Amino acid sequence: MTQNIRNVAIVGTGVIGAGWTARALAHGLDVVAYDPSPTAEAALRAAVAHAWPVLERTGLSAGASQSRLTFVSSVEAAVAKADFIQENAPEREELKQNLLAQIDAAAPAHAIIASSTSGLLPTSLQSLCKNPQRIVVGHPFNPVYLLPLVEIVGGERTSAETIERTKAFYQSISMRPLHIKREIAGFVADRLMEALWREALWLVNDGIATTEEIDAAVVYGCGLRWSLMGTFLTFHLAGGDAGMRHMLHQFGPALKLPWTKLVAPELTEDLIEKVVEGCEHQAAGRPVKELEKRRDDFLIDLLGLVKKYWPESEGLEGRI
Ligand SMILES: NC(=O)c1ccc[n+]([C@@H]2O[C@H](COP(=O)([O-])OP(=O)(O)OC[C@H]3O[C@@H](n4cnc5c(N)ncnc54)[C@H](O)[C@@H]3O)[C@@H](O)[C@H]2O)c1
């Protein structure tokens with residue numbers, strides 16, 4: 001059971017696989033990783049080393065060490081002794097279906113197999129597996145070593161036991177699992193983020209605001225509140241003492257106004273250039289690694305603030 005999960009296998013060690021690796025190592029687990037790219041091992045070790053000072057700030061578990069990471073040269077070797085397997089290969093359905101079947105054929109009977117897919121349906125992902133009951137989606141958020149949310153989504157053939165054990169494992173590595181009870185493409189958080197992303201692209205496309213102006217609107221406006229209260233509770237307060245009922249009464253009619261477009265704009269060369277140039281202007285020559293460090297330090301402080309100002313949320317599944 002969960003308390004016996006000591007060996008974690010990471011299959012695919014790009015941005016997300018490296019994030020899972022760092023989180024698992026920081027919790028004192030043994031990690032065996034595999035990725036077919038010839039440069040993957042060096043990149044993975046560098047990514048873990050880069051995250052380590054940040055993880056030290058959040059507190060390492062007993063026995064946590066970067067030396068608990070082993071890199072191997074096949075999927076079979078990676079999963080042979082695993083208790084929990086996290087798949088993080090590219091977001092291509094057929095590739096994942098075949099890879100999960102390969103993992104399933106080689107993994108010990110008790111092991112759980114989770115996919116980090118951002119939106120593919122677990123029923124499809126488990127379709128080629130001999131033991132589909134142990135296949136589940138565990139969708140994390142970047143940077144995985146810091147952000148607590150992980151969406152758990154079962155397919156038609158995923159067992160209730162797999163969901164429970166997956167939830168318990170993620171909790172044991174300090175995550176906040178949110179069980180999405182109905183399988184839908186994009187799950188919950190990405191659906192929300194995509195809605196905002198589409199609107200932001202339209203605003204740039206139509207020349208209404210720059211990438212920098214839109215980011216300022218999020219950072220200094222909606223985003224600050226969302227960190228603590230999310231969309232619904234934020235609007236509950238927007239209704240004054242009468243809360244959400246008044247808010248819906250007052251602003252409900254505005255929902256009928258065609259403010260939003262919600263259909264993605266065509267990614268024309270012109271739009272791509274505007275978005276890329278805008279982001280480069282905002283980055284002002286600072287490399288991504290430097291911005292990542294700033295983001296990570298900020299996130300640690302922010303998570304501390306959420307804990308401080310919303311202490312009753314501790315231990316509640318999927319709650320802030
Ligand atoms: N980047 C994000 O913000 C994010 C967030 C949540 C979930 N995800 C999901 O995580 C998964 C990985 O995304 P990423 O951003 O880390 O991509 P990435 O491109 O950074 O990494 C993918 C890795 O998979 C490796 N790979 C290719 N073929 C493979 C195979 N057959 N077996 C094992 N590994 C293979 C590649 O060499 C590469 O290192 C995707 O399913 C993606 O949707 C991404």
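These figures come from a predicted structure and were not determined experimentally. First listed ligand is number 1; within each ligand, the first listed atom is number 1.
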Visitor: Over 60° means perpendicular and under 30° means parallel, so tell me whether H139 and F187 are parallel, tilted or perpendicular.
Guide: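 If you compare the ring of H139 with that of F187, the planes turn out tilted.
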Visitor: Can R57 and D301 be counted as an ion pair, charged N to O under 4.0 angstrom?
Guide: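 Salt bridge: yes.
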Visitor: Any salt bridge linking E164 with K167? Criterion: basic side-chain nitrogen under 4.0 Å from a carboxylate oxygen.
Guide: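 A salt bridge is present here (some side-chain N lies under 4.0 Å from a carboxylate O).
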Visitor: Kindly say whether V75 contributes a backbone atom to a donor-acceptor pair with the side chain of Q102 at under 3.5 angstrom?
Guide: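 No: the side chain of Q102 does not pair with the backbone of V75.
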Visitor: Return yes if some donor-acceptor pair links the side-chain N/O of R157 with the main-chain N/O of Q133 below 3.5 Å, else return no.
Guide: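 No; judged by distance alone, with no hydrogens or angles, the pair does not exist.
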Visitor: So if I only count non-hydrogen atoms and take anything under 4.0 Å from ligand 1, which residues does that give, chain by chain?
Guide: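 Only V11, G12, G14, V15, I16, D35, P36, S37, N88, A89, P90, E91, K96, L99, S116, T117, S118, H139, P140, N142 have heavy atoms that fall under 4.0 Å of ligand 1, ordered by chain and number.
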Visitor: Does D83 come within less than 4.0 Å of R6, counting only side-chain N to carboxylate O?
Guide: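 Not counted as a salt bridge, because no side-chain N and carboxylate O are separated by less than 4.0 Å.
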